[in-house]
Amino acid sequence: MTVIYQHPDGMGQVEFDTTAQHLVIRNDETNEVAHAVIDQQGLRELAAELLKLADQE
C-alpha cells in the first residue's frame, strides 16, 4: 500500500494498493474503511478533479 494522504492529526488516510488497483480511504476516528477499484487512468482523472477542487475559491 502506498499512502497518498495522511490527515495531519492522524485521523485517517488515503492509500493505493497497486496490485489490487484499490483506492482505500480509512477513517481512524470511526474505524470505517472505503474501497474503490480504480486504474491508472482513473487515478489521473481523480487527480485532475481534486486539483480543480483545491483551486476553487
Side-chain angles (χ1 to χ4, degrees):
M1 281 283 189
T2 300
V3 175
I4 298 171
Y5 173 77
Q6 174 76 45
H7 187 277
D9 295 332
M11 298 173 67
Q13 62 190 28
V14 178
E15 307 164 345
F16 184 68
D17 182 337
T18 55
T19 303
Q21 293 192 318
H22 277 212
L23 190 64
V24 180
I25 302 170
R26 299 182 188 280
N27 183 327
D28 294 336
E29 187 175 14
T30 63
N31 293 318
E32 293 177 314
V33 178
H35 297 259
V37 178
I38 190 167
D39 62 7
Q40 283 74 15
Q41 183 58 37
L43 286 172
R44 287 182 192 95
E45 292 172 14
L46 176 60
E49 292 301 318
L50 289 171
L51 284 171
K52 287 180 194 175
L53 286 172
D55 290 339
Q56 286 181 358
E57 293 184 29

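Throughout, numbering of the chain's residues begins at 1 and tracks the sequence.
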Open item on the list: Applying salt bridge (Lys or Arg N to Asp or Glu O under 4.0 Å) as the test, list every pair that has at least one member in residues 29-43; sequence neighbours left out.
Closed with: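 Checked against salt bridge (Lys or Arg N to Asp or Glu O under 4.0 Å) - neighbours excluded - no pair reaches residues 29-43.
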Task: From Phe16 atom CZ to Leu46 atom CG, the distance as rounded to the nearest 0.5 Å - done: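 Output value for this atom pair is 10.5 Å.
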Task: From His35 atom NE2 to Arg26 atom CZ, the distance as rounded to the nearest 0.5 Å - done: 6.5 Å
Open item on the list: Starting from Leu51 and following side-chain heavy-atom contacts under 4.5 Å between hydrophobic residues (I, L, V, M, F, W, Y), which residues can be reached?
Closed with: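 When side chains under 4.5 Å apart are linked, Leu51 ends up in no cluster with other residues.
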Task: Residue of the set Asp17, Val37, Ile38 for which side chain to side chain contact (heavy atoms under 4.5 Å, CB included) holds with Leu23 - done: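 Only one of Asp17, Val37, Ile38 forms a side chain to side chain contact (heavy atoms under 4.5 Å, CB included) with Leu23, namely Ile38.
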Task: Linked, directly or transitively: Ile25 and Tyr5 (ILVMFWY side chains, under 4.5 Å) - done: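 Yes, Ile25 and Tyr5 fall within the same hydrophobic cluster.
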Task: Within one Ile-Leu-Val-Met-Phe-Trp-Tyr cluster: Leu43 and Val14, side-chain cutoff 4.5 Å - done: yes
Task: Minimum heavy-atom distance between Asp28 and Asn31, given as atom pair plus value - done: O-OD1, 3.5 Å
Could you tabulate the donor-acceptor pairs under 3.5 Å formed by side-chain atoms of residues 6-13, not counting sequence neighbours?
residue	atom	partner	partner atom	Å
Gln6	NE2	Gly12	O	3.3
His7	ND1	Asp9	N	2.9
Gln13	NE2	Glu15	OE2	2.1

